[in-house]
Amino acid sequence: MNNLGYACINMTLGKKGILTGRAMRKSTLDAKGLPYASQLALENAKDLKTILEWNVDHGIYFFRIGSDLFPWGNKIDITKLPDYNEIVKVLNDCGDYARANNIRLTTHPGPFNLLASDKEEVVLNTILDLEMHSTLFDLLKLDETPFNKINIHVGATYGNKEVAIYRWKQNFKRLSLSCQKRLTLENDDKESMYSVKDLYDSVYQDIGIPIVFDIHHHNFNTGGMDHSEAMKLACSTWPKGIRPIVHYSESKALHENNNKIKLQAHSDYISDFIQTHDNDVDVMIEAKAKELALLEYRKKYNI
DNA sequence: CATGGTCAAGTGGCA
DNA sequence: TGCCACTTGACCATG
């Protein structure tokens with residue numbers, strides 16, 4: 001195993017008001033407009049640097065950037081933000097810092113990003129959101145490869161997986177090349193949806209999108225493969241020279257012995273050793289306690 | 001100032 | 001039929 005990372009929020013810094021997730025409701029955007037969106041984006045960008053520095057101070061070189069850095073960035077023209085030039089400078093600086101310190105940055109746009117949708121409006125919204133993430137990566141001067149992945153799910157079947165996958169692949173072609181080159185697909189956490197094997201057979205074999213293996217999700221949708229087989233297959237889809245990423249989380253319902261919680265929900269901390277079956281991977285820990293869970297894990301297993 | 005309901009977005013599973 | 005879960009809580013009105 002190489003890098004251990006965490007997602008979007010630093011609890012320690014968050015308590016001090018340092019975060020990249022300043023957001024607002026639509027009503028607030030309507031009331032306050034671009035100047036306020038600009039102010040939030042600038043504060044978010046500045047805090048990203050602080051979080052990256054904190055990470056380096058704590059030996060963490062893998063971080064997922066949240067989707068709210070540009071509040072409403074998928075619906076507004078961010079180049080029209082009053083502070084746009086300054087925001088770009090700050091993001092350029094964050095990117096330089098990441099490169100200099102060998103930090104791997106990724107994103108995970110929300111479950112509303114459905115390239116397989118049968119509704120054109122949903123697809124258009126998805127394209128806008130994915131392109132916003134890609135533009136953010138451009139401003140950070142990150143690679144146009146899945147080293148800096150923009151990761152999504154297929155996420156829905158519309159009653160016919162084959163047709164949905166076909167639409168997914170058609171709509172994928174509508175993305176900019178730089179966005180396409182960063183995109184990865186993750187296995188879903190429902191039996192009815194897409195396992196690693198589904199993604200491999202129906203998408204990777206056709207258009208070569210790398211597969212992110214989510215170990216927790218696999219428990220709910222194995223596609224007939226055990227963990228070791230599925231992880232190996234997923235890892236085989238990554239380009240040479242780019243370390244595959246796997247996601248790791250544990251069940252909140254089991255941790256808290258509470259059957260009212262869905263088994264899929266993520267626990268605050270993780271307790272089991274992360275088995276990577278000798279694959280050379282970076283592991284994104286998806287735990288509600290964020291970097292605290294990562295630090296606890298390293299302490300527990302002395303790594 | 002703390003709390004709790006609500007918030008942009010899509011889908012599917014379940015009580 | 002309406003909540004929960006997913007990428008993630010944070011916003012905002014109210015007391």
Side-chain angles (χ1 to χ4, degrees), chain A residues 5-11 13-15 17-32 36-37 39-40 43-44 47 51 63-76 105-130 132-133 136 149-161 164 167-168 171 183-194 212 214 216-217 219-221 245 247-249 251-253 258-268 284-291 293:
Chain A
Y6 68 99
C8 307
I9 292 162
N10 182 298
M11 307 285 277
L13 294 175
K15 274 197 292 195
I18 295 166
L19 73 165
T20 68
R22 292 174 187 81
M24 60 181 150
R25 297 179 179 181
K26 188 167 193 312
S27 57
T28 308
L29 177 68
D30 292 342
K32 300 188 176 178
Y36 187 57
Q39 179 193 328
L40 295 184
E43 290 175 30
N44 285 339
D47 283 359
I51 291 170
F63 181 66
R64 178 187 297 167
I65 303 177
S67 296
D68 286 327
L69 193 140
F70 281 109
W72 292 98
N74 51 0
K75 289 286 196 294
I76 61 178
L105 296 172
T106 64
T107 63
H108 199 340
F112 323 104
N113 285 275
L114 297 163
L115 285 179
S117 179
D118 52 3
K119 301 188 195 72
E120 174 65 8
E121 189 189 356
V122 173
V123 175
L124 284 173
N125 286 337
T126 299
I127 291 171
L128 284 175
D129 202 40
L130 294 177
M132 176 195 76
H133 287 83
L136 170 64
K149 73 178 162 67
I150 298 173
N151 177 60
I152 59 173
H153 294 255
V154 177
T157 64
Y158 309 91
N160 186 328
K161 285 164 82 167
R167 276 199 305 266
W168 195 96
N171 289 326
L183 210 69
T184 59
L185 272 176
E186 177 179 345
N187 55 313
D188 288 295
D189 67 357
K190 295 186 183 76
E191 185 82 50
S192 65
M193 294 220 224
Y194 306 89
V212 172
D214 187 304
H216 184 53
H217 291 176
N219 296 329
F220 304 97
N221 186 6
I245 292 173
H247 291 176
Y248 187 82
S249 56
S251 169
K252 186 183 181 73
N258 181 346
N259 62 15
K260 291 189 174 57
I261 302 171
K262 287 196 191 303
L263 281 169
Q264 281 90 341
H266 296 340
S267 57
D268 293 346
M284 172 56 61
I285 295 175
E286 298 176 326
K288 297 299 181 189
K290 303 300 180 185
E291 91 285 359

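Within every chain, numbering begins at 1; the chains are lettered A, B, ... in the order of the sequence lines, protein sequences first and strands thereafter.
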Nearest-angstrom distance from the residue atom [atom1] of [X] to [atom2] of [N]:
| X | N | atom1 | atom2 | result |
| --- | --- | --- | --- | --- |
| A:L40 | C:dG9 | CG | C1' | 15 Å |
| A:D189 | C:dC6 | CG | P | 8 Å |
| A:M24 | C:dG9 | CE | P | 20 Å |
| A:D129 | C:dT8 | CG | P | 15 Å |
| A:K288 | C:dT7 | NZ | P | 8 Å |
| A:D188 | B:dG10 | CG | P | 17 Å |
| A:K26 | B:dA9 | NZ | C1' | 12 Å |

Checking all strands, does [X] fall into the base, sugar-phosphate, or nothing category for heavy-atom contacts under 4.0 angstrom?
| X | answer |
| --- | --- |
| A:K262 | base |
| A:G66 | nothing |
| A:T126 | nothing |
| A:K252 | nothing |
| A:I152 | nothing |
| A:T107 | nothing |
| A:E191 | nothing |
| A:N74 | base |
| A:K260 | nothing |

Notebook entry, point to check: Under 3.5 Å, is there an N or O donor on one side and an acceptor on the other linking the side chain of A:R25 and the base of B:dT6?
Noted result: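 Indeed there is one.
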Next item on the list: Give me the ring orientation class for A:H153 and A:H108: parallel if the planes are under 30° apart, tilted from 30 to 60°, perpendicular past 60°.
Entry: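 Aromatic pair A:H153/A:H108 classed parallel.
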Notebook entry, point to check: Taking a pair as Watson-Crick (N1 to N3 plus N6-O4 or O6-N4) or G-U wobble (N1-O2 and O6-N3), both under 3.5 Å, which stems of 3 or more consecutive pairs involve DNA chain C?
Noted result: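 Consecutive-pair runs (3 or more) involving DNA chain C: B:1-7 with C:9-15, B:10-15 with C:1-6.
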Check: Closest heavy-atom contact between A:P71 and A:L40?
Finding: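 Nearest pair, atom of A:P71 first, then A:L40: CG-CB, 3.8 Å.
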Checklist line | salt bridge (charged side-chain N to carboxylate O under 4.0 Å, His left out) against A:K252, all qualifying residues, sequence neighbours excluded | finding: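 Counting only residues at least two positions away or on another chain, A:K252 forms a salt bridge (charged side-chain N to carboxylate O under 4.0 Å, His left out) with A:E256, A:D268.
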Notebook entry, point to check: According to the 5.5 Å centroid and 30° plane-angle thresholds, does A:F112 stack upon the nucleobase of B:dA9?
Noted result: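 So A:F112 counts as stacking on the base.
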Item checked: Minimum-distance nucleotide (side-chain atoms of A:H217 versus C:dC6, C:dT8, C:dA5) ->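 The closest nucleotide is C:dC6.
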Next item on the list: Tell me, yes or no, whether the heavy-atom count around A:E120 atom CD, taken from other residues, nucleotides or ligands under 6.0 Å, exceeds 12.
Entry: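 It does: A:E120 CD has more than 12 such atoms within range.
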